[in-house]
Amino acid sequence: MLDTKIIRQNIGVVKNALKNRGSVMDLDELLEADARRRTLIQEADELKARRNQFSTRIARARTEGLDLEKEKSEMRSISERIKALDEQIREADEAVNRFVLEIPNIPHESVPVGKDAQDNQIVRTWGEKPEFSFTPKDHWDVGEGLSILDFKRAAKITGARFTVNWGAGAKLERALINFMLDVHTQEHGYTEVLPPFMVNRESMTATGQLPKFEEDLFATDDYFLIPTAEVPVTNLYRSETLPGEDLPLKLVAYTPCFRREAGSYGKDTRGLIRQHQFNKVELVRFADPARSFTDLEELTNDAEDILKKLGLHYRVVVLCTGDLGFSSAKTYDLEVWMPAQGVYREISSCSNFLDFQARRGQIRYRSPESKKTDYCHTLNGSGLAVGRTLAAVLENYQRPDGSVEVPEALRPYMRLDLIEPIG
RNA sequence: GGAGAGAUGGCCGAGUGGACGAAGGCGUUCGCCUGCUAAGCGAAUGUAGGGCCAAAAGCUCUACCGAGGGUUCGAAUCCCUCUCUCUCCGCCA
């Protein structure tokens, strides 16, 4: 969420940012509601000041045994007027709020202006495409060939876009989760948390999923299933003030993630790439605003480290203004090489939200120097999406006989060098 | 699911209709004092919004005692609804 005061004072900047994102919003409507709100507050506050003056006068008169009937009746009408004004303020507040909650974040100046994913820019590439003496199979064929991935039965017991992992497939998923958590906690200094997988409406609003993207979420009568651990983890400190000397606070969480994938019918229908439920290890940072972009670089490196240790070829791209997520000011995507399709697939998305989420969720920090409180900056990134990592391992480490070599880094977790077809 | 108790500032805790943004204590910060430390003394110490100001500083007003509504000239205090926490019983992994 942007500060209304800042929107008011920098209307040109905000309008331009919206245009670069390809968003069509009429900010004049907001400015009008904001102006109305301020006029009403001014009038109501003056009346309230008068009411308070009268009130003490009446109290004082009472101790002298006087009864100020005339003042009382005047007060009655003032109070009625105040009540009416308060109601109008509430409506204006709501109008402003409704509007402001739907305005996306302003892209950082270092973000390239562009229309869609075509305009994203490659920042760096790591490793090399593996060479195959045969035609590499898609990961779903590899997985089904080894009887470790079962899409048919998942469709039976639940529906499309779900998977059952069997045997070494289940173990590989679990190994990846543990491996990622261990690296981030032991080598990168993150603290592990295991949060609830369902959250309330306030939490979804703070991180920006609501009110705009409700159709992307699964929900029960009471709660929403999290689409990413970003939601519960960022909300850990909602409505709290963090000691500035604790920043950056680095948290890592494994959770399953649930997404409706509305509007992606017919896209990535096969395999593990686009599932309604998938596992993810998520990195979250609460940062000092002065150095949050340093934190973004660090966090991105932390995520990349997993791919390096797994020996998976990847590239880093910076998203252009048109491809940027709603809450983000700057995002790096990590794209892993998938040899069967011959494409790079997003496997991590690392973003700096500045104070956008912090303002929505009232997440503050107290500066040790100035002793003042201010909104902190929040960041997060996948470290990594586990299902897609598993898919990448199957494709990149497959052998001509249909078996899959276990990457070196995972062997201690798997206690296995090779995944072979059952009997 | 049933019965009961509670929610006040960074923390503890007082406050049952008027001068209460809120006693007292703890903590924190600054100053004084002491050979050092401890103790002691003094002062400061919430958040948000509006207005004045080019802006900051500053001044000023308003709101906030879990949330929302009601009664009243006036609500932390009385009434209603809701949320959350705790205790006991039942059920449950």
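Throughout, protein chains are lettered first and strands after them, A, B, ... in sequence-line order, and every chain is numbered starting at 1.
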Grab the [atom1]-[atom2] distance between [X] and [N] for me, whole Å please.
X: A/E245; N: B/U28; atom1: CD; atom2: C1'; result: 12 Å
X: A/D374; N: B/A48; atom1: CG; atom2: P; result: 9 Å
X: A/N200; N: B/A67; atom1: CG; atom2: P; result: 17 Å
X: A/I89; N: B/C64; atom1: CD1; atom2: P; result: 12 Å
X: A/K48; N: B/G49; atom1: NZ; atom2: C1'; result: 10 Å
X: A/E94; N: B/G68; atom1: CD; atom2: P; result: 13 Å

> Ring centres of A/F326 and A/F213 under 6.0 Å apart?
Replying inline: yes
> Of all the choices, B/G70, B/G18, B/G74, which nucleotide is nearest to the side chain of A/K83 once you look at every atom?
Replying inline: B/G70
> Of A/E304, A/E187, A/E408, which is the lone residue that meets side chain to side chain donor-acceptor pair (under 3.5 Å) with A/K309?
Replying inline: A/E187
Give a yes/no on whether any side-chain N or O of [X] is located under 4.0 angstrom from OP1 or OP2 of [N].
X: A/N52; N: B/A63; answer: yes
X: A/R364; N: B/A48; answer: yes
X: A/S73; N: B/C73; answer: no

>> For a quick check, with a 4.0 angstrom heavy-atom cut-off, what is the B/S/- contact string for nucleotides 50-58 of chain B, read 5' to 3'?
In response: SS-------
> Once Watson-Crick and G-U wobble pairs under 3.5 Å are found, how is RNA chain B written in dot-bracket notation, 5' to 3', with | for any base paired to another strand?
Replying inline: ((((((((.[[[..)..(.....]]]((((((.......))))))(((((((.....))))))).[[[[[..)....]]]]])))))))....
> Would A/D295 and A/N352 count as a side chain to side chain contact (heavy atoms under 4.5 Å, CB included) if you check the C-alpha gap in whole Å, the side-chain angles of each, and the deciding distance to 0.1 Å?
Replying inline: CA-CA 8 Å; A/D295 280 288; A/N352 184 358; over 6 Å; no
>> For a side-chain hydrogen bond (donor to acceptor under 3.5 Å, both in side chains) check, start with the C-alpha distance between A/D333 and A/S349, then their side-chain angles and the critical distance, and finish with the verdict.
In response: CA-CA 4 Å; A/D333 271 6; A/S349 198; 2.7 Å; yes
>> Base, sugar-phosphate or nothing for A/T241? Non-hydrogen atoms, less than 4.0 Å.
In response: nothing
